Number of protein chains: 2
Amino acid sequence: MTSYHSEREFLDHYNSDEYGRVSVTADVLVFSVSNEEPDNYYPFKDMWCLPGGFVASDEHLDDCPKRILKNETNLTNIYLEQLYTFGHVNRDPRMRIVSTAYLSLVNKNLLSQSVSENSEWFNLGETQADGVTTITLTGSKTEFEFSVAKTAQDKNHFQYSYQITENKHLAFDHALVIAMGIDRLRNKIGYSDIVFHMMPQLFTLGELQQVYETILNKSLLTPSFRRIIANKVEKTEQIQKGKGHRPSVLFRYKSKNEQSTDF
Amino acid sequence: MTSYHSEREFLDHYNSDEYGRVSVTADVLVFSVSNEEPDNYYPFKDMWCLPGGFVASDEHLDDCPKRILKNETNLTNIYLEQLYTFGHVNRDPRMRIVSTAYLSLVNKNLLSQSVSENSEWFNLGETQADGVTTITLTGSKTEFEFSVAKTAQDKNHFQYSYQITENKHLAFDHALVIAMGIDRLRNKIGYSDIVFHMMPQLFTLGELQQVYETILNKSLLTPSFRRIIANKVEKTEQIQKGKGHRPSVLFRYKSKNEQSTDF
DNA sequence: CTAATAGTGTCTATTAGACAGTATGTT
DNA sequence: AACATACTGTCTAATAGACACTATTAG
């Protein structure tokens with residue numbers, strides 16, 4: 001900790017001009033899981049980028065992604081969490097920008113809402129090989145892919161760094177944002193109730209399991225899965241019929257204060 | 001995703017002047033565990049703050065905390081990870097600043113190194129009551145405390161927000177930084193090898209357990225503890241004697257590629 | 001010998017994985 | 001009846017908690 005003994009000394013500390021100008025932006029990555037398209041995300045000149053924009057001087061950093069999302073998708077009141085702040089010197093060739101990326105999750109029913117004319121939802125595919133993740137994005141007219149290597153920064157695997165190994169179509173370091181967003185979601189699904197932001201009010205356990213399987217990119221055993229999510233969900237009186245097989249009970253998310261610790 | 005169809009449109013997006021000026025700083029929170037002082041961290045006009053400074057326009061955001069740490073403590077090559085980016089409009093009364101906080105871990109042997117004359121190491125104590133964490137900082141001449149409430153932002157406990165409920169001595173939102181840093185360390189110790197950044201090259205398992213107990217703020221059962229860390233550490237030929245009891249074997253950290261997955 | 005911490009063995013409780021089985025709709 | 005998915009029971013494997021026990025030094 002540091003203390004300041006004089007006004008002069010304190011103000012010196014705040015002479016930012018000598019360091020030159022740095023601008024701040026926020027970028028938003030939106031994920032959703034739907035039936036037709038296994039994984040989605042919401043994404044430069046003739047290139048693509050995640051929606052983003054400059055933080056206004058009278059705007060809370062966390063409000064910036066909300067504003068962007070409202071402008072681009074007309075979605076309000078949706079889940080947002082800070083993902084990471086990127087500050088490479090040359091990440092933007094035009095000017096020095098530090099950008100905070102946000103991860104957003106929406107349920108598939110909200111995907112049908114209009115996005116702005118220059119924007120589009122992309123389908124996301126992922127393959128892994130030798131520590132290199134190749135991500136394929138499929139839009140209505142375009143399809144492109146990029147690769148990101150996740151490498152240990154030191155021999156002890158303390159810190160991982162993400163590096164873009166192949167990318168032709170995504171601006172800035174948005175390939176990193178996407179790769180980190182996938183990892184964050186995949187990790188967090190295991191120790192939080194974050195997944196329910198991607199679910200509608202009522203859902204079947206089969207649907208919920210499919211969302212888990214899509215995100216984790218592997219199949220799960222039903223009995224184990226049901227045990228794990230058992231006290232996060234609650235049966236309703238409603239039933240989903242007409243699917244050519246035994247109908248399934250519709251469940252709703254049970255908020256944490258209702259979840260029992262015993263049985 | 002968004003695409004840009006014209007140069008004009010793209011550049012419009014980059015007209016940052018209309019939003020006014022926002023500056024970027026980095027703050028560093030340093031933790032260490034030593035015998036004499038259970039937990040340490042490295043910390044305004046007549047108030048205290050974490051060491052911090054403006055990001056230079058030709059400096060990588062991640063390099064800024066390294067520079068600050070070198071200036072303040074002369075420590076180089078130590079563990080740093082990004083903690084969170086704070087962007088409240090009025091977090092600094094003088095000017096609009098967005099600040100990225102970094103968490104740093106050092107082993108106790110490095111604590112003896114000199115810190116700059118205005119800086120000091122503080123001992124950290126923590127008590128919990130009704131979701132409110134009260135943190136006590138004890139320096140060589142001063143002692144003060146502050147309280148932070150960790151509350152669920154929605155009924156579903158999806159998102160937590162940290163709020164300062166009592167604080168007289170810490171500048172900006174540095175009370176939040178400290179509370180979040182503790183939580184991060186406490187969580188991450190369970191699923192990563194991060195703790196070994198706080199250990200010297202050679203250590204006894206008793207010492208390692210004490211570090212865990214200090215960070216987790218609870219006592220652990222020795223056999224269980226040893227099972228958990230068993231394949232993260234490796235016996236050496238060296239033994240620590242002269243402690244008035246059975247001497248203990250000195251261990252070293254075994255990096256991840258050496259850790260066996262079977263037995 | 002005592003105090004004090006080092007270090008191990010083992011029983012039990014809890015949780016996760018695996019798979020077989022039953023239930024109930026649509027066509 | 002055939003099919004397809006919903007849903008449950010239960011054995012087994014792996015892991016975590018608890019506690020008793022032995023080991024080895026300083027003084």
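Chain letters run A, B, ... following the sequence lines, proteins first and then strands; every chain starts at 1. In this text the structure is predicted, and so the values were computed from the model without any measurement.
B:Arg227 places its CZ atom 13 Å from the P atom of C:dC11, with the value rounded to the nearest Å. Computed from coordinates, the A:Phe225 CZ to C:dA18 P distance equals 16 Å when rounded to whole Å. Put simply, CD1 on B:Ile239 is 15 Å from C1' on D:dA26, counting in whole angstrom units. As rounded to whole Å, 12 Å separates atom P of D:dT5 from atom CD of A:Glu213. As a whole-Å value, the separation of A:Ile228 CD1 from C:dA18 C1' is 13 Å. Computed from coordinates, the A:Phe203 CZ to D:dT5 P distance equals 20 Å when rounded to whole Å. A:Gln240 has its CD atom 9 Å from the P atom of D:dA6, to the nearest Å. Look at CZ on A:Arg226: it is 16 Å from P on C:dG17, rounded to the nearest Å.
Listed candidates were D:dC7, C:dG25, C:dA6. Nearest to the side chain of A:Pro247 is C:dG25. The side chain of B:Leu221 lies closest to D:dG17, out of D:dG17, C:dA4, C:dA18.
The residue from B:Leu80, B:Thr100, B:Leu50 that alone fulfils the side-chain contact (heavy atoms from CB on, under 4.5 Å) condition with B:Val28 is B:Leu80. Under the side-chain contact (heavy atoms from CB on, under 4.5 Å) test applied with A:Phe251, the options A:Glu234, A:Lys232, A:Met199, A:Lys235 reduce to a single match, A:Lys235.
The nucleotide C:dT14 finds its pairing partner in D:dA14, both defining distances of the Watson-Crick or G-U wobble pair being shorter than 3.5 Å.
Side-chain atoms of A:Thr236 come within 3.5 Å of backbone N or O of A:Leu250 as a donor-acceptor pair. In this structure, the side chain of B:Arg184 does not engage the main chain of B:Leu103 through any donor-acceptor pair within 3.5 Å.
The residue B:Ser248 sits close only to the backbone: its heavy atoms come under 4.0 Å of sugar-phosphate atoms, none of a base.
Taking the nucleotide of DNA chain C with the nearest heavy atom to each of B:Gly206 and A:Pro223, the more 5' of the two is matched to B:Gly206. Each of B:Lys243 and A:Lys241 lies near DNA chain C, and the nucleotide nearest B:Lys243 is the one positioned closer to the 5' end.
For A:Arg246, no side-chain nitrogen or oxygen approaches OP1 or OP2 of D:dC7 to under 4.0 Å.
Counting non-hydrogen atoms of neighbouring residues, nucleotides and ligands closer than 6.0 angstrom, the CD atom of B:Gln240 exceeds 12 such neighbours.
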